[in-house]
S.K.: 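This is the structure I want to talk about, given as structure tokens.
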Amino acid sequence: CSAIVVDDGTVSLFYPEIREKEISSGICDVSYEHSRFSRMLYHKSLVDVVSVNINFFSLYKLQLPLSDCIIENRFDYLTNNLNNVVSGIDLSIYNTVIIGQPLIELKAISNDNYKKCISEIQNQNEGNMLYVSHPAEFSYPFADLGVKIIKFPLPFECMVKLLNPNTAIYGFTSSALINAKLLCPEKR
């Protein structure tokens, strides 16, 4: 029996260490996890597959236990289909785009500090600013700053090619920034 994990998130950088501990102990032990974020993203989805082989589909070159397999994500599907994406919004008018993260929901940052980060990005850039909300995000303490907030129906990487070539892209702990740079090296 085996399982498949499709996750290019930065949390996957912790998979090798977590998998080694799980395989050696035979259980999914959350006691060695220090962050609520890691427990939520990893353990809740993989708690039932500790003893099986896992195929990881990731952009990272992870050094996994021999029983697991890594399949490198080369973005073939996205690269071949980016021009077919229709979002229903004119993305070319935005000079600055911020990739949202559920940091407030995870209690990793306060409302005030998150708003301060968005305000700082806004102060450094002119023109229209777009905030692309993370699917798990629902708090927007910066909504009064005049930033357009959307939930894009597709992964952020699908949006990148539709942006103005001079658009500056900002983010927090998102692997979408790495993916976007790989897909569109000309973007800032």
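Computed from a predicted structure; not experimentally measured.
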S.K.: Does the ring center of Phe142 lie less than 6.0 Å from the ring center of Tyr131?
M.R.: yes
S.K.: Can you tell me if Asp90 and Ser92 form a side-chain donor-acceptor pair at under 3.5 Å?
M.R.: yes
S.K.: Check for me, please, whether Phe138 and Phe156 land in the same ILVMFWY cluster - side-chain distances under 4.5 Å, paths through other members count.
M.R.: no
S.K.: Mind checking whether Ile121 and Thr96 have side chains closer than 4.5 Å, heavy atoms only?
M.R.: yes
S.K.: Under the 3.5 angstrom rule, does the side chain of Asn128 hit a backbone N or O of Ile93 as a donor-acceptor pair?
M.R.: yes
S.K.: Kindly give the heavy-atom pair with the smallest separation between Tyr170 and Asn125, and that separation in Å.
M.R.: OH-ND2, 3.1 Å
S.K.: Going by heavy atoms in the side chains, are Lys116 and Asn113 under 4.5 Å from each other?
M.R.: yes
S.K.: Working to the nearest 0.5 angstrom, can you tell me the gap between Lys115 NZ and Gln122 CD?
M.R.: 10.0 Å
S.K.: State, yes or no, whether a side-chain contact exists between Met129 and Ile98 at a heavy-atom distance under 4.5 Å.
M.R.: yes
S.K.: Is the shortest heavy-atom distance from the side chain of Ile99 to the side chain of Val132 under 4.5 Å?
M.R.: no
S.K.: Please report the shortest heavy-atom distance between Leu163 and Ile169, naming the atom on each side.
M.R.: CD1-CD1, 4.0 Å
S.K.: Does Asn164 form a side-chain contact (heavy atoms from CB on, under 4.5 Å) with Tyr94? I'd like the steps, not just the answer.
M.R.: CA-CA 7 Å; Asn164 178 320; Tyr94 295 98; over 6 Å; no
S.K.: Taking all non-hydrogen atoms of both residues, which atom of Asn111 and which atom of Pro141 are closest, and how far apart?
M.R.: O-CG, 3.6 Å
S.K.: Ignoring hydrogens, what is the shortest heavy-atom contact between Gln101 and Phe172? Give both atom names and the distance.
M.R.: CG-CB, 4.0 Å
S.K.: Just wondering, more than 12 heavy atoms not from Glu126 lying within 6.0 Å of its CD?
M.R.: no
S.K.: Between Ile104 and Tyr140, is any pair of side-chain heavy atoms under 4.5 Å apart?
M.R.: no
S.K.: Determine all donor-acceptor pairs shorter than 3.5 Å in which one atom belongs to a side chain in residues 145-152; sequence neighbours excluded.
M.R.:
| residue | atom | partner | partner atom | Å |
| --- | --- | --- | --- | --- |
| Lys151 | NZ | Ser133 | OG | 3.3 |
| Lys151 | NZ | His134 | O | 2.9 |
| Lys151 | NZ | Pro135 | O | 3.4 |
| Lys151 | NZ | Glu137 | O | 2.7 |

